[in-house]
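Everything quoted here is computed from the prediction, not taken from an experiment.
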Amino acid sequence: QHAQDEDAASSSSPSTIIAEEAAARMKEEQALLLAAYNVATRRVVVKRPIGAQPLGCLLPGSDENDEGGDNSNDGRSDNQDVEIPKPSYDVRGSVNRFDVYVIT
């Protein structure tokens with residue numbers, strides 16, 4: 001019976017870990033975009049998979065509210081208030097897409 005309990009506990013853990021890793025990766029990508037956008041003088045180009053949403057469309061939402069509370073403890077809550085712009089335009093290939101953020 002203990003083996004079954006361990007199997008049940010381990011089966012839910014990988015999905016939770018994957019979701020947390022995906023959220024962390026998305027936050028890191030958005031932070032990199034913001035950093036590049038803040039120092040660029042003309043444009044920022046981001047290579048993305050063709051089916052992925054632009055980083056500017058993936059703002060922290062209801063799924064990440066709990067993690068947003070954790071970030072306020074880090075003193076990073078000011079970065080959350082900065083809105084990530086939507087791409088000005090994109091250039092599509094067969095597999096990848098280049099989102100272009102023109103600096104205004």
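For Val100, the side-chain contact (heavy atoms from CB on, under 4.5 Å) partners at least two apart in sequence or on another chain are Arg43, Val45, Tyr89, Val102. With sequence neighbours excluded, the residues that form a side-chain contact (heavy atoms from CB on, under 4.5 Å) with Asp90 are Arg92, Arg97, Asp99. With sequence neighbours left out, Ala35 forms a side-chain contact (heavy atoms from CB on, under 4.5 Å) with no residue at all. In terms of the side-chain contact (heavy atoms from CB on, under 4.5 Å) criterion, residue partners of Ala36 (sequence neighbours excluded) are, by chain and number, Val44.
Ile103 is not connected to Phe98 by any chain of hydrophobic side-chain contacts under 4.5 Å among Ile, Leu, Val, Met, Phe, Trp and Tyr, and they are in different clusters.
Taken from CD in Glu21 to CD in Glu28, the straight-line distance is 12.0 Å, to the nearest 0.5 Å. Atoms NZ and CZ, from Lys27 and Arg25 in turn, are 13.5 Å apart once rounded to the nearest 0.5 Å.
Other cluster members for Ile18: none, since no ILVMFWY side-chain heavy atom sits under 4.5 Å from it. Ile50 belongs to no hydrophobic cluster, as no Ile, Leu, Val, Met, Phe, Trp or Tyr side chain comes under 4.5 Å of its own.
What you find for Tyr101 and Leu55 is that their closest heavy atoms are OH-N, 3.6 Å.
Not one N or O on the side chain of Arg48 forms a donor-acceptor pair closer than 3.5 Å with the backbone of Pro54.
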